[in-house]
Structures are given as C-alpha cells and as structure tokens.
A.B. asks: 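Input: one structure, supplied below.
Keep in mind that the numbers below use all heavy atoms, side chains included, and drop hydrogens, waters and symmetry copies. Numbered from 1 within each chain, the chains take letters A, B, ... in sequence-line order.
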Amino acid sequence: MRRIWSPLLLVALLAVSASTTAAQSGRELRFYLPAEPKTFHPLVVADDSSETIRYLTGGVLIRFNRQTQELQPELAASWKVSEAGRKISFKLREGILFSDGMPFSAEDVAFTMRALMDPNLHSPTGDSFRSAEGQVKVNVTDPHSVVILFPAPVAGLERLFDQVAILSSRSPKKEMAVLGPFYVADYKAGSYVLLRQNPNYWKRDSTGQRLPYLDSIRLDIQQNRDMELLHFRRGEIHLINSLDAESFDRLAGEMPSAAHDAGPSLDSEQMWFNQVSSAPLPTYKKAWFRSQNFRRAISEAINREDICRVVFARHARPAVGPVSPANRFWFNQALHVHPFDPQKALRRLGQEGFHLDGKVLRDREGHSVEFSLITNAGNKSRERMATMIQQDLAQIGIRLNVVTLDFPSLIERISRTFDYETCLLGLVNVDLDPSAQMSVWLSSASSHQWNPNQKSPETPWEAELDLLMRAQASTTDNKKRKEYFDKVQQIVWDQVPFIYLIHKNALSAVSPSLANATPGVLRPQTYWNVEKIYFAPEKSGGRR
Amino acid sequence: MWIQRLLRHLLTLLLTALLGGLLGATLMRLAPGFGVDERELDTRLNEQSLQVLRQSRANERNILRFYAQYLRGIIHGDLGVSPSLGRPVAELFSERAPVTLRSVALGLLEGWLLGFALALPGVMWRGWAYDLLTSVVGGIVVCLPSAVLAMLFLYVGGPGSLPIALVVFPRIFRYSRNLLLQTYSLPHVLTAKAKGLHSTRILLWHVLPSAAPPLLALVGVSVSMAFGAAIPIEVICDSPGIGKLAWQAALGRDLPLLVNITIFVTLLTLTANSFSDLIGKAFAKQPT
C-alpha cells in the first residue's frame, strides 16, 4: 500500500511545488518614478530616480540589509578590512555572468573602482570613499580576488560598497550590462523605464529557482503625487515608496492592508539660524542668532508634539537630534527632546537681556524680535510646519514671517548670498553611518549650513565637533566611534545649531496582491528585497 | 514682388525669434537662483566636486558671450547641452517636440471644430435659447484656467489634446460667432438672401469668403494660445512634451534649454501668424 502511495504523494508534492513556483514567477510590477532619471550610469548617480534604477539593476559586492541593518555578502563571497580601515580584500563568487552574458571577474571590480575614484568623475559615491588626498590602489591577485588600498582609513568602509554597482570592463554594452536582478530593456524619455528580469542573475531561492520572481518592472514617470495615489487605488500601480500623512490616512481608511507605517524614518526636518559673520544682516540680529540661549529658547518654544499631531496626523516623532531612533546603533539614547515650555524659553531669553514689552519681545537695545523663515515652496507639510512655528513663537512675543521660495532661489540664499535669517528644510539621510554627515559637522565644509566654509572654527564647540568627527572617522572600532558620535550629538543638543523638529514616519503603500513585500524605514522602503517579491496567487472569491 | 514679401517675412521672423531668445536668456540669467544646482546640497560631495559643480555653469554668467557662443553653435547644428538634464538639447527636442506638436495640432483641430460647429447654427438659425446655452457654456469654459481643465481631465481620464481644445474653443466660438453675425448683415449677403438663395450657398459663396481673412488671422492667435496652454497641461498630465520641458527648464534655470524652447515657440507662433496673414491677404484680394 505504501509503495503505491509514495509515488503518488511525490507526484502531488511536485505538482504543488510546481504550481507555487509558477505562481511566484511572472507578471509586471509597476510603480512610479518621481522624476526622469538623469543617468543610467551607476557611478554618477545623484538623484532619486537614477538611484532607483541603480538599486534594481546594479550588482554590488556587499549589500546593506534594509531590514536587519546588517551587511550581507552579494557578489563578494567574503571580505576583510585591515590596516585600520585602509585596505579591503574581497573574495568574489565564481561563475557569475553579466546580463549580456559576459563573465564577472576581479578585473571588473578593479575597473569599477578605478573609474569611480577618477578625480574627474565627481561622483557622490566616489567622494564618500575619499577620506584623504592620494591614489587608490586596486590590485587583482587572482581572477576572483581583489585588494583595494585607500590612502587613509575610511570609516564604515564595507558599508559604502552598497552603493557601488559593478561595471563590466569588457562588455560592449558598457554600463548597461549589469549584475543586478533586472536590466534596462526600454526607455522612453519623459515617459517610462522598462526593466526586464536579468536572465543571468546569480541568485536562487531555497528551492533552487532563479531569482527574481518578477518578469519585469515598469517605472512610469509621474510627478503628481495625487495621481500616484489615485492610480494605486485603481490597481494600476503596485507600490508607493513614500506617502504624505494625509494620503496615507485616506488610503488606510479605504485599503487598510495596503497602507504601511514603518515608524520613524532616518529623515529629519530642521530649522537653523544664519550665523555667517559676513551675512547681510543687522548686527543685533547676528548677535541673537549666535546666542546659545536664544537658539535653545526658540527650540523650547516650539511644540513638536503639536506639529506631529496636526501636520503629520501622528505619523511623525519629535526629533532629538541629527540621528533618528530608526538608526538603532548610532542614536544617542541618553538624549531627550527639548521639552515644550514657553515660560522656560522666556526665562532663558531673559538671561540674554530679552524682555516682553506688552506682547512684543524686545532685546536689550529695544529691538523687537522679528525674523523671517524661508522654506521651499510647494511642500505642503513644510509650509504648515512653518505656520505652526509662527504661532508658537507668537506666544513668546516673537514675530516670524514665513517666506516660501523655489528651490534654486533658496539654495542660492543659504549657500551663496547668505541673505536669509532662518531656514526650514529637511535632511534626507540615506546612510546610517555618521561619516556620511562629515560635511555637515566640519566647520570648514560647505554643508555646515549655519556657518559654512570657516577657515578655522569660530566657536570652541565647533572646534570640538571638528575633532570628534575626525576622530570617529579615523578609527574602525565601532565602539569608540559611537562614543565620539554620542558626544557630537550631545554638543548639537546643547548648542542647537540646528533645531531638529521631527522625524517623519516611513509611510508607504503596497498592493495586497504582492507577496514578500515588507516595507521598512530605510530607502528603498518598499522594494529593498525586490528579487523576492512576487504576485501572490489569486484566491478564489477573494479580492485580488 | 511676391518673393520679396516672403523673404521680408522670413527675415522679420528670424530676427524676432533671435531677439526673443536673447530676451528669454536675459530674463533667465537675472532670475534668482540662476547657476545654482540642487546637487550642491548633497552632503556626500567633497569640496573639489562642489567647486567643479559651481564652475560648470560659469560660461553662462555673461549673457552676451553665452548668446554669441550659442549662435555659433546653431550655425554648426549644435543646440547645446541641457545642464539640468545632462543631455543634448537637439536630442531632447527630437523626443519631445512630436508629443507637443501632435497634442497641439489635435487640440486646435478639435477646438476649431467645436467652436465653429457651435457658432454656425446660432448664426444661421437664430434662437435665444441656443444662444444663451452656448454663451453660458463658452463663458464657463473660458473662465477655467488651463491647469484646472488639465486636472479635470486627469481625474476623469481622456486624451491630452482635449484640454487644449477646451482652452481654444470658447475664443473661437465667440469670435467666429460675432464675425459671422457681422458678415450675415453685410449688404451683399442680405441681397443674396433677398434673392432667395439657399442658406448653404449663401454660407459657402458669400459669408465664408468674406469672413475668411479675420478667421485665418485667428488661426495664428490660436496656435500661440494652444502652445501657452500646453505648458501647464503637460506639466499636470505628466505628458513628455515641450511644455513639460519648458517647465523643467524654468525650474532648473536651464539656460540652453530655455533659449531653444523660446526660439522654437517664437518661430512656430510667428510662422503660424505669418501664414495666416499671407493667406488672409490672398483671400482679401479675391472678389467675393
């Protein structure tokens, strides 16, 4: 009896397995790009849309797992960092082919690294590796081993390889020959990008089936966020990577299983005062903005909880500092949000000679405290935040004038003419490592927004920030780096060069018809595991 | 004589387009935020890369030098490279122009057909109810900005040319209705009516030839109107045409792209106007 049933059982199991495999394979995933990709060359990517294409098509040596926040081997079977972070040795996987059939070898890694580190390329990815002047040496020891030697230690070196898509050194298709799960099959400028499954992709699932499961991905270019939501609700697209709070709540009401709130993201919203000594501002205003008590008082006069509740419908968290709690390792747990306390803020201002004259706050010389806040036009939540800050500051007698500018005008003011008083902007964090923020905290850097390009640090605390940031970048001991960066966060909390307001939650939408899509807080939130995403088999009588 | 006039027209057209391009370039150069790149806020870039980025558009700062270089490029068939999109302008034009030309041509055709079709019955068979209805519809549509029409079509769905048609139609309707009314009251039309000629014959032989020159002049105006409407419509509908490109060029302070678009639209509008002007004059000389 058993003899009869065993083959039947085997056949049945095979049939079930085949049907599951068949169900997992195929179909086209659709979602929107917010703008046209500026390049398909993975080494010079600087915009979000090109970044999406690179993520979906590029093969990397090491991948940073967006869910576990751990590094995992990809094209590199193993790696070793030595010489205090100057040297990295890779052992590569064998038998891997590019999408056009060309074999992958250590020569391709060497070619990619040489191209990336070419000083004339001016690639943001390449610049991340440049910790000091000097040549990067790439040595191919055998067809599957490569050693890269940097002129100085690079903090968080392995993690940077998550952004380096390996190019083929020999393919006639150049950068269009890829090692990732998909390749660019078609592109109509201004309209769409079509990606097809890479027939030579090296990864397989636990059953031995070649990944990715999807046949293709169609990325239509759509700037209108309302249309994106409308098309998602109609089932015309399957993913929305980032939603605003209002759209999220609307979607959650209609399709609760499609709306995902993954909690606070890495991105922050912050405002800062112009502390540039040469700025075309009255001297008394410069004195206000350079006063620690003034900045701290403003921070304490802003009700962050209200901003989260009103502007972001509770899909945001008050911010403590530059690091979001989503960044599990680097977030300084000892710090807490500046409490909302207008009375305490007034007492602090009193220490600096500010006093209330009726309902108007005046400084020691009798100037009424009034300043303008610039932000980028068209960002609804930022404009609402500015209005709420305006109301909060009015409670302590400060008049805030909100000015919205288009982005080029705003950048010109904050980075060239310095003709502004306060600015409200967001910081998009794509990297968890503090080294990615070097140019923000070093006083000599141009992204040190409140007072950039200083020849030497103008304040003792900025000098300390410089020392700490350089110290954390010069060691590979993560425990020590964390100590240094905790101190940086502490100084920023005390001195308030940036008034950190909130961290928006990572809100996204995933069609219920997709399986294995688990949205997270790190970019790309919805398709970080794209090779494993598939269309779930339709249930009879159920909703698709 | 005829060739001389044509050449004079062409020369005027060319000079106006070049002047338009220079004016467009000057306005863009004086706009706040000119020469600024969003990538300057990328914290990954080092100082050297930032300097290169800032220097990359230094040759656009002197507008006269830029324009002279641009004209030299045109002579050699080079329209320049768009700094914001990082691609040759000629390539961008060849991809985008057909989209806009198609939707504008269709929109014009639909707008004219609709406008004329509504105006004609009202003039031939006068009735206050029809007049009121068409005037109210035309009045409502004329009040709607092209961006609102685009939004409407985006939500409802429909061809991209239809919002352009709706922008053009009320103007065509009103103007052609008034013009036809005036023409129907001309002495020779009244005489034809008194002689008992068939209404179709009156329309084709006596009314339309008289109304043709001003109607043809309206063609030129409607072309520029349609192009003007195409910009917000393409932006809102995410249609990859010249209108959207113009919007991107303005936001990105993209001088080479904007100058080319200005010259392209100026040339197109002037050509349409000149064409209708010449045809109108030719019609006017024919005895009716």
Side-chain angles (χ1 to χ4, degrees), chain A residues 32 35-36 38-39 41 44 46-47 119-131 133 160 163 188-192 220-224 226-227 230 405-417 419 425 427-431 436-441 444-447 449 453, chain B residues 28 31-57 82-87 91-100 150-151 153-157 234-245 247-248 250-254:
Chain A
Y32 288 151
E36 193 158 354
K38 287 188 177 171
T39 180
H41 195 302
V44 292
D47 59 297
N120 297 319
L121 189 71
H122 303 295
S123 142
T125 313
D127 283 359
S128 310
F129 283 95
R130 244 181 282 275
S131 56
E133 292 290 321
L160 296 177
Q163 308 284 313
K188 192 176 175 211
S191 191
Y192 67 87
D220 283 299
I221 296 155
Q222 173 64 262
Q223 287 177 318
N224 190 325
D226 293 332
M227 290 319 296
L230 183 74
L405 299 169
D406 74 338
F407 224 63
S409 314
L410 186 124
I411 298 171
E412 186 179 44
R413 281 180 186 243
I414 63 173
S415 62
R416 296 198 183 174
T417 62
D419 187 9
L425 266 188
L427 182 72
V428 175
N429 271 319
V430 288
D431 201 337
Q437 298 184 18
M438 281 296 276
S439 63
V440 174
W441 302 117
S444 58
S446 55
S447 298
Q449 294 296 356
N453 310 319
Chain B
M28 176 58 80
F34 175 79
V36 169
D37 196 309
E38 277 185 29
R39 285 175 292 173
E40 287 178 35
L41 294 186
D42 192 332
T43 54
R44 292 171 299 173
L45 287 173
N46 65 16
E47 288 309 311
Q48 202 189 351
S49 298
L50 282 172
Q51 284 307 318
V52 170
L53 199 62
R54 285 175 182 161
Q55 286 302 311
S56 63
R57 296 180 69 180
S82 154
S84 67
L85 297 173
R87 295 180 61 199
E91 209 174 286
L92 289 167
F93 262 65
S94 63
E95 287 165 359
R96 313 293 178 103
V99 178
T100 304
M151 292 283 275
F153 272 82
L154 204 60
Y155 281 96
V156 177
E234 283 188 358
V235 170
I236 289 167
C237 297
D238 258 316
S239 175
I242 291 285
K244 193 175 166 189
L245 206 58
W247 180 254
Q248 286 174 322
L251 289 184
R253 309 290 194 269
D254 193 325

A.B. asks: Among the options A:P119, A:S123, A:A445, A:A189, pick out the one with the most heavy-atom pairs lying under 4.5 Å from chain B.
C.D. replies: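 Counting heavy-atom pairs under 4.5 Å, the top option is A:A189.
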A.B. asks: Is there a donor in the side chain of A:S409 and an acceptor in the side chain of B:R253, or the other way round, less than 3.5 Å apart?
C.D. replies: yes
A.B. asks: Would you check, one step at a time, whether the test side-chain contact (heavy atoms from CB on, under 4.5 Å) holds for A:S415 with B:R54?
C.D. replies: CA-CA 11 Å; A:S415 62; B:R54 285 175 182 161; 4.3 Å; yes
A.B. asks: Who among A:A436, A:G190, A:A46 has the most heavy-atom pairs with chain B under 4.5 Å?
C.D. replies: A:G190
A.B. asks: Does A:D127 reach the main-chain N or O of B:N46 with its side chain, forming a donor-acceptor pair under 3.5 Å?
C.D. replies: yes
A.B. asks: Heavy-atom distance under 4.5 Å to chain B: side chain of A:N224, backbone, both or neither?
C.D. replies: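 Both backbone and side chain.
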A.B. asks: Considering only heavy atoms, which portion of A:R413 lies under 4.5 Å from any heavy atom of chain B: side chain, backbone, both, or neither?
C.D. replies: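 Neither; nothing under 4.5 Å.
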A.B. asks: Examine whether an atom of B:S84 lies under 4.5 Å from a heavy atom of chain A, and if so say whether it belongs to the side chain, the backbone or both; otherwise answer neither.
C.D. replies: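 Only the backbone of B:S84 comes within 4.5 Å of chain A.
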A.B. asks: Taking every non-hydrogen pair under 4.5 Å, which of A:Q222, A:K38, A:Q449 racks up the most with chain B?
C.D. replies: A:Q222
A.B. asks: For A:S446, what residues pass the side-chain hydrogen bond (donor to acceptor under 3.5 Å, both in side chains) criterion, not counting sequence neighbours?
C.D. replies: B:E47
A.B. asks: Nearest 0.5 Å, what's the CE-OG1 distance between A:M438 and B:T43?
C.D. replies: 11.5 Å
A.B. asks: Can you list the steps and then say if B:D238 with A:Y32 is a side-chain contact (heavy atoms from CB on, under 4.5 Å)?
C.D. replies: CA-CA 12 Å; B:D238 258 316; A:Y32 288 151; over 6 Å; no
A.B. asks: When rounded to the nearest 0.5 angstrom, what distance separates CE in A:M227 from CD1 in B:I236?
C.D. replies: 11.0 Å
A.B. asks: Can you give me the closest heavy-atom contact between B:L45 and A:H122, atom names plus distance?
C.D. replies: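 Shortest heavy-atom contact: CD2-O, 4.1 Å.
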